[in-house]
Amino acid sequence: MNAALNYIEDNLDGEIDYAAVARTACCSQYHFQRSFVSLTDVPLSEYIRRRRLTQAALELQDINSKVIDIAVKYGYTSADAFTRAFAAMHGITPSKARVQGAALKAYPRITFTLSLKGVVAMKYRIEERQAFRVVGVKEQFSAVVEESFEAIPKMWNRCNSDGTTQAVCSLIEGEPNGCLGICTEFDGDKFYYWIAAPTSKACPAGMIEMDIPVSTWAIFDVTGAMPKAIQDVNRRIYSEWLPSSGYDHARTPDFELYPEGDLNSPDYKSEIWIPVVKK
């Protein structure tokens, strides 16, 4: 991970190839971006943007440098675009940043250090499953972990209150047997979250459908009240299990499985399903 960050630092003033960053960290681009945001709570693109604008602020202290030259150097096609981005982060325009004593923000380079984890066992199994169809509703969320961990439970609360969850659950048939919380279409900054049911029944008005492809799944047991229990295990999957498992994320939808029961009980049993491929 530190080698990947070295690559980013060396190319802040040029083109940064996300695939090359991921290769430096010995994983796929999808896995790297998911792991990065899980570990740092900042999407990779946002981290790069902050680092570039931090360096740009330092270079503006040289009064002989032109704003447009600095803008182009750090990937902006116009002075206006650079000014808007700079002001959004620093709270002042690039020209005002040249004034002695101007207050600026700095986002230092991240450095990863080794810490011992995994003292608590993670229970999982590997299974192959045929493709299946799901029907439900979806909303888009920020990939920033803490933001999505706060916003997704609110989606569940709304759907529980207006009857959507009950309507979705009435469609459940076959396996996996339960209501699903599906993460898909992850692009580094945003992703879609579904509340859905595995089913062959007709898609009701107001809902949408999706096919989950044939996959090898790493299935993790979760015990505890929602949403904290599922969120804690989800963090551990990306920060502990995936980096050392010999598997990579298959870049297809992953999901949480919620069987019937009291979700507020400390003994409630749920699962997280991650589609995987051998590295």
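All values derive from a computational prediction rather than experimental measurement. Excluded from the calculations below are hydrogen atoms, water molecules and symmetry mates; all remaining heavy atoms, backbone and side chain alike, are included. Numbering starts at 1 and runs along the sequence shown.
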Which atom names give the shortest non-hydrogen contact between [X] and [Y], and what distance separates them?
X	Y	answer
Met89	Lys105	O-CD, 3.1 Å
Ile92	Ala102	CD1-CB, 3.9 Å
Val277	Ala250	CG1-CB, 3.9 Å

Inset, instruction - Look up atom SG in Cys179 and atom OH in Tyr258, then write down how far apart they are to the nearest 0.5 Å. - result: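 Reported to 0.5 Å precision, the distance equals 9.0 Å.
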
Using modelled atom types and a 3.5 Å cut-off, is there a donor and acceptor pairing between side-chain atoms of [X] and backbone atoms of [Y]?
X	Y	result
Thr199	Leu171	yes
Tyr47	Ile110	yes
Arg52	Asp13	no
Asp262	Asn264	yes
Lys201	Val135	no
Arg125	Trp217	no
Gln55	Leu12	no

Tell me whether [Y] is reachable from [X] by hopping between hydrophobic residues (I, L, V, M, F, W, Y) whose side-chain heavy atoms are closer than 4.5 Å.
X	Y	result
Ile16	Met1	yes
Val134	Ile152	no
Tyr268	Trp273	no
Tyr74	Ile8	yes

Inset, instruction - Using the ring of Tyr193 (Phe, Tyr or Trp, six-membered ring only), decide whether Lys138 places NZ or CZ under 6.0 Å from its centre and within 45 degrees of its axis. - result: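 Geometry flag: not set, cation outside 6.0 Å or 45°.
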
Inset, instruction - Let me see the working for Trp194 and Ile208 under side-chain contact (heavy atoms from CB on, under 4.5 Å), right down to the final yes or no. - result: CA-CA 10 Å; Trp194 291 57; Ile208 51 178; 3.5 Å; yes

Inset, instruction - Would you tell me whether Asp162 and Thr164 have side-chain atoms, one donor and one acceptor, within less than 3.5 Å of each other? - result: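 A pair is found: one side chain offers a donor N or O, the other an acceptor, under 3.5 Å apart.
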
